[in-house]
Amino acid sequence: MPYSPVPAPDRRALLKLLAAGPALSVLGGIATAPAASAATAAPGILKPLPPEWFTVRGTNAEARFDAFAGTGPRTSNERFFVRNHTSTPVLDAADWRLTLWGDGLHGRAPVHFTYGQLRDLPSVTRTALIECAGNGRSLYATQQGEPATGTAWTLGAVGAARWRGVRLSDVLLRAGIAADAVDLLPRGLDDPYVSGGVDFGRVRRPLPVAKAFDDVLLAYEMNGEPLPYDHGHPVRLVVPNWVGIASVKWLGDIEVSTRPLTSPWTTDWYRLFGPAHPPGGSAPLTLQTVKSAYELPFGATLAAGRLHRLTGRAWSAHAPVRTVEVSVDGGAHWRPARLLDTPRRGGWVRWTVPWLPHRTGPATLLSRTTDAAGNTQPERAVHNVQGYLFNAVVRHPITVA
Ligand code: MTE
């Protein structure tokens, strides 16, 4: 296998060198890493995680939503959140190859693509958000009194980047996909995921052929740079508008099947369980939802008697954002925010609203997005045991002093 796990002590030694990204040779030359002294570490993540940009949660790094203030409509590679089931493998593009196999290929024999062969295919570039299905999970507990299991993300398990790569459909056609193929099973090259003493195997999640032919990319560049190690180097899937787990990183192989496929990532996780859902759970999650958030720390203090330009971001996986309304009095009155970006399905829309607070004391800021398909953030999200798809209006506590 073209897979080279790096043992823990070596990982630390390599960290500084690798922080500069895969554009640099690991073996030769001297790399100047960004000052990493103030950065926190997450087991298995290679890039620096400065606390002003990230909150470490287990093997994951959540971006601080307030730190998006003043940044553009895309998230830089340095600031992009990381969601790792295990740890980032260091793979060399030169000996990487993608294998397609299964009864859904005409010849039924495996077909391989090297990195160079992928780069020689026609490329496409598109901006897409990647958002973890569990983004906002902790708000089920803090806002609705309904705890959920899993990583306690607040709002920063999301980022938007400009991805360059090849269409998955082009690769499937070249590999000889059969007309009756229905499902794919893309699989990562990171270590098998072990939880509660059970080895669930490598991260893999079925993807319908129909979605693959719609808009899925095999991405090798992120914001104009080779894909960083933590984000799937050398090649990952980008599955626009779907839950982040669909965008398999460090892609190694894809099974092509004439029968529907399953994996624990569709049977045990990434579907909705609980009293509000069908017995046995909902269908596996596909589309993300509609959201908005202030670029402000929870519990921020704002000066009374001063004009503040509040800012935030809105996004929807279903349709372009149409409006963002805000309330600064806990939901009694609402007014429209000004949108700063042209709304596009699956991209950020930055918004702003002026506010001159007079009364001192605690206050609750709210924002509510409606998209062009008529989806609006509800007051309460429908709870599910694993805390996916939190879409409710966020009650953002602040103090006016
Ligand atoms: N792919 C592999 N191979 N291993 C992983 O742990 N995590 C998934 C997905 N792809 C994961 C993966 C999840 S849950 C999310 S939300 C996104 O990657 C996160 O992508 P990022 O780390 O580049 O932000």
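What you see is a predicted model; the values in this text were computed from it and never measured. Order of appearance sets the numbers: ligands from 1, and atoms from 1 within every ligand.
Where the criterion is an N or O separation shorter than 3.5 Å, residue side chain and backbone included, Phe81 meets it with respect to ligand 1. For ligand 1, the polar-atom distance check against Lys249 finds a nitrogen or oxygen pair separated by under 3.5 Å. Between Trp250 and ligand 1, a contact under 3.5 Å exists for no N or O pair.
Atom 5 (C) of ligand 1 has as its closest protein heavy atom His85 ND1, 3.5 Å. The protein heavy atom nearest to atom 9 (C) of ligand 1 is Gly244 O, 3.3 Å. Counting protein heavy atoms only, atom 7 (N) of ligand 1 is closest to Arg83 O, 3.2 Å.
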Atom pairs and distances, side-chain donor-acceptor, residues 320-328, under 3.5 Å, sequence neighbours left out:
| unit_1 | atom_1 | unit_2 | atom_2 | d |
| --- | --- | --- | --- | --- |
| Glu325 | OE1 | Arg368 | NE | 3.1 |
| Glu325 | OE1 | Arg368 | NH2 | 3.4 |
| Glu325 | OE2 | Arg368 | NH2 | 3.3 |
| Ser327 | OG | Asp329 | N | 3.4 |
| Ser327 | OG | Asp329 | OD1 | 2.7 |
| Ser327 | OG | Gly331 | N | 2.8 |
| Ser327 | OG | His333 | O | 2.9 |

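Remark: Arg313 is positioned above the aromatic ring of Trp348, its terminal NZ or CZ atom under 6.0 angstrom from the ring centre and at most 45 degrees off the axis.
Here Ser247 has backbone heavy atoms under 4.0 Å from ligand 1, and that is the only part of it that gets that close. With a heavy-atom cut-off of 4.0 Å, Phe80 touches ligand 1 through its side chain alone.
Taking every heavy atom of Tyr270 and a limit of under 4.0 angstrom, the matching atoms of ligand 1 come to 14 (S). Those atoms of ligand 1 with a heavy atom of Asp190 less than 4.0 angstrom away are 2 (C), 3 (N), 4 (N), 5 (C), 6 (O). Under a 4.0 Å criterion applied to the non-hydrogen atoms of Gly188, ligand 1 contributes the atoms 3 (N). Each of the following atoms of ligand 1 lies closer than 4.0 Å to a heavy atom of Asn84: 6 (O). The atoms of ligand 1 that sit less than 4.0 Å from any heavy atom of Arg236 are 17 (C), 18 (O), 20 (O), 21 (P), 23 (O).
Residues passing the side chain to side chain donor-acceptor pair (under 3.5 Å) test with Asp341 are Arg350, sequence neighbours excluded.
Salt bridge absent: Lys249 and Asp230 never bring a charged side-chain N and a carboxylate O closer than 4.0 Å. The existence of a salt bridge linking Glu221 and Arg119 is confirmed by a sub-4.0 Å separation between a basic side-chain nitrogen and an acidic carboxylate oxygen. Note on Arg380 versus Glu146: salt bridge recorded, some NZ/NE/NH1/NH2 to OD/OE distance being below 4.0 Å.
Taken from CH2 in Trp315 to CD in Glu131, the straight-line distance is 5.5 Å, to the nearest 0.5 Å.
Aromatic ring orientation, Tyr115 versus His233: tilted (interplanar angle from 30° to 60°).
Each of Thr151, Thr154, Asn135 was scored for a side chain to side chain donor-acceptor pair (under 3.5 Å) with Glu62, with one residue passing: Thr154.
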